[in-house]
Structure formats: C-alpha cells, structure tokens
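Accompanying notes for the structure given below.
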Amino acid sequence: MKIASFNINGIKARIEALSEWLKEAEPDVVVLQEIKSIDENFPKSHFEDLGYIVETHGQKSFNGVAILSRLPLEDVSRGLPNPENAGRDEADDIEARYIEATVCTDKGSLRIGGLYLPNGNPVDLDQNGKPIVGSKYDYKLKWMARLHQHAQALLTEEQPFILAGDYNLIPQEEDAKHPEKWSDDALFRMESREAYRKLLSLGLTDALRARNAEPETFTFWDYQRGAFDKNNGIRIDHVLMSPQAADLLLDCQIDVYTRAKAKPSDHVPIWIQIDL
DNA sequence: ATGGTGGTGCGACCA
C-alpha cells in the first residue's frame, strides 16, 4: 500500500497539478492539507472519477484537510480531540486541521491521521520569554500537546497507525538549507522542536529518516527569491509511524519533481510504501 | 531587508 501526504495550498488552484500527480504516483491513500475550501466546494466528484473516496474537513479560505482513498475507509473522524476542554470550549477546534480514518485491506487495517499543524508565527513572548497566552505560537504549542496526547491514546490501542501531514516543523539543522535563518522562527524554535522530539520519543518512527539518510532532502520551498532553484528549502512534511506500522515500512520518498512543474504548490508530496 | 509571491475571495489575512 502506498500512502502519501501533500499540502496542496488550495484545491481550486491545484486541481490540475494534484490530478496529474495522482495519475503518475498512483497512491492508494492521500492526506491533503490546506484545501482552503469548505466541504461543499471541494470537487469531490472529480476525484471520485479518478477512483478515490473523498472525505473532507474543510473551512472557508484557510486550512482544511482531506483524505482521498482507493480503499474503503472506516470510522472517519474530524478534528483533534481536546481532552482539556472537552465539551466546554469549541474555539480550539474552529480551525480544520485534523482528519483520521481507518483503511482496511485483506491483510489488515491501518489508522491514518492527516494533520496540518499550526504555523505558529509570529512568535510573541512575554518579558520572561514565555509564549503569550492566546498568541499564534501559544496555539501551535498547545496543538502539539493535544497531538501528543492523542498519539499516546492511539498507542495504547496497539493498532498500527501513522500520523502524516504538514507539521510546520523543522526537526533538526540538517532539515534546512540555512538553519541559522530559522533560529527564532516558530518552525524551528526550541519549544517547537522539543515538543516534536517528545512526540517521537513516544516510540514513533520518522519514515523518511528510517529510509533515507541523504542530506538536503526538503519538502517545502518558498515561492519567493527563486528558493527552489537554489534548493533553499526545509523539511516540514513528515510521516510518523507507530511501532507496528513501522515494522511494515518498505520505502519512503519525496516527489521533489512536482515543485518544478507549472503552477506548483509550495510543498511537494511525501509518500510511504508499506507491506499491507 | 521591509512578504519581494501566491491563495482565497473581494478586503484583508495567511503562509
């Protein structure tokens, strides 16, 4: 089974590029981020005609995630659980950033979480250097804490799962062409990286690093200043795998070539092949 | 070096 993650930066602008890549790459399941569309406006039938089931979790103008699958999906859920505020504060879930479903085959099933982690910029700190409550950076870190709790809950179920998407997170210096330029950025700051490291230390495997040790392996290049031509990129789209899922991992690749095509997203797809 | 580009949806806001 081939499973991919792709931040498309707007379904309306990317319908051609996404369709072309689906035909070339033939993934069985794709999690999409930044569909920037409400559910009603997502071109569902277009992708159904290409052989995919479509499940969306959209919102107007910003964010929005989706799952496309050639295989049957079960138990689709939208939004990340919010244990701290369950039933009391819906504000944390206004932004559509998480969708999850189980994909079933003859050999077994796999739970797939598709996520669009908050960017977190600008970084607003108080006099003590702590993120100001209610700021974008605070929202990012709190969202990461919720993701951590959710991953913990999934691990206790002992079911193979993956968490794939745009993490808006540069894990290490080697994941940026110019790491020094990112030192105060929410994508690379200490608090963000620490939260990511803690998530991994639950026992999750970074699929790309498990299969690929090549330097300068990026998934995002800014549209400005010819960033792609200079390979001035960052690795922020990740596929994390539970121990049971990681045992099935066969390959992990990044489809860099899509960034050189007409009307590209600023991100490129990352995919895994698993023995399922 | 100041978002310089690009997306959404029609005025800003987001990345």
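Predicted model only: the values in this text are computed from it and were never measured. Chain identifiers are assigned alphabetically (A, B, ...) following the order of the sequence lines, protein sequences preceding nucleic acid strands; residue numbering begins at 1 within each chain. Excluded from the calculations below are hydrogen atoms, water molecules and symmetry mates; all remaining heavy atoms, backbone and side chain alike, are included.
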Practice task
Mind checking ring-ring contact (aromatic ring centres under 6.0 Å, His included) for A:H238 and listing every partner two or more places apart, or none if nothing turns up?
Solution key: A:Y167, A:Y196
Exercise for the section: Look at A:R225 and B:dT5 and indicate whether a side-chain polar atom (N or O) is within less than 4.0 Å of OP1 or OP2. Expected result: no
Problem - Protein-nucleotide distance (A:K140, atom NZ; B:dC14, atom C1'), rounded to Å - result: 14 Å
Exercise for the section: Send over the distance from A:F220 CZ to B:dT5 P, rounded to a whole Å. Expected result: 15 Å
Handout entry: Distance, rounded to the nearest Å, where A:Q59 contributes CD and B:dC14 contributes C1'
Key = 11 Å
Practice task
Please state the P separation for the pair B:dC13 and B:dG4 - nearest whole angstrom.
Solution key: 16 Å
Exercise for the section: Could you check which of B:dC14, B:dT5, B:dA15 has an atom nearest any side-chain atom of A:F62? Expected result: B:dC14
Handout entry: Integer-rounded Å distance: B:dA15 C1' and A:N119 CG
Key = 6 Å
Problem - Atom pair OH/CZ of A:Y137 and A:R189 - distance to nearest 0.5 Å - result: 4.5 Å
Exercise for the section: Determine, for A:K130 against A:D124, whether the closest basic-nitrogen to carboxylate-oxygen distance falls under 4.0 angstrom. Expected result: no
Practice task
Pick base, sugar-phosphate or nothing for A:Y116, based on heavy-atom distances below 4.0 Å to the nucleic acid.
Solution key: sugar-phosphate
Problem - Whole angstrom value for the distance that separates C1' of B:dT8 from CG of A:N41 - result: 11 Å
Practice task
In whole angstrom, give the distance that lies between atom CZ of A:R259 and atom C1' of B:dT5.
Solution key: 10 Å
Problem - Electrostatic pair A:E216:A:R235 at N-O distance under 4.0 angstrom - result: no
Practice task
For B:dT5 versus B:dA1, give the span between their C1' atoms, rounded off to a whole number of Å.
Solution key: 16 Å
Fill in the blank from the handout: Rounded to whole Å, the CD-C1' distance (A:Q33 to B:dT8) equals 18 Å
Practice task
Whole angstrom is fine here: how far is it from CG in A:D229 over to P in B:dT5?
Solution key: 15 Å
Completion exercise
When both distances are under 3.5 Å in a Watson-Crick or G-U wobble arrangement, the nucleotide paired with B:dC13 is B:dG7
Handout entry: Separation of the P atoms in B:dC10 and B:dC14, to the nearest angstrom
Key = 16 Å
Handout entry: A:F188 six-ring face occupied by A:R193 cation (under 6.0 Å, within 45°)
Key = yes
Practice task
For B:dT2 and B:dT8, measure between their C1' atoms and round to the nearest Å.
Solution key: 24 Å
Practice task
Check the angle between the aromatic planes of A:F42 and A:F47 and answer parallel, tilted or perpendicular using the 30° and 60° thresholds.
Solution key: tilted
Handout entry: Closest to the A:K36 side chain, choosing from B:dG7, B:dA15, B:dG9
Key = B:dG7
Problem - Sugar-phosphate, base or nothing in reach of A:D222, heavy atoms under 4.0 Å - result: base
Handout entry: Below 4.0 Å: OP1/OP2 of B:dC14 and any side-chain N or O of A:K60
Key = no
Completion exercise
Result for 5'-nearest mapping on DNA chain B, choosing between A:R97 and A:K263, is A:K263
Problem - Position toward the 5' end of DNA chain B (nearest nucleotide), A:H267 or A:I11 - result: A:I11
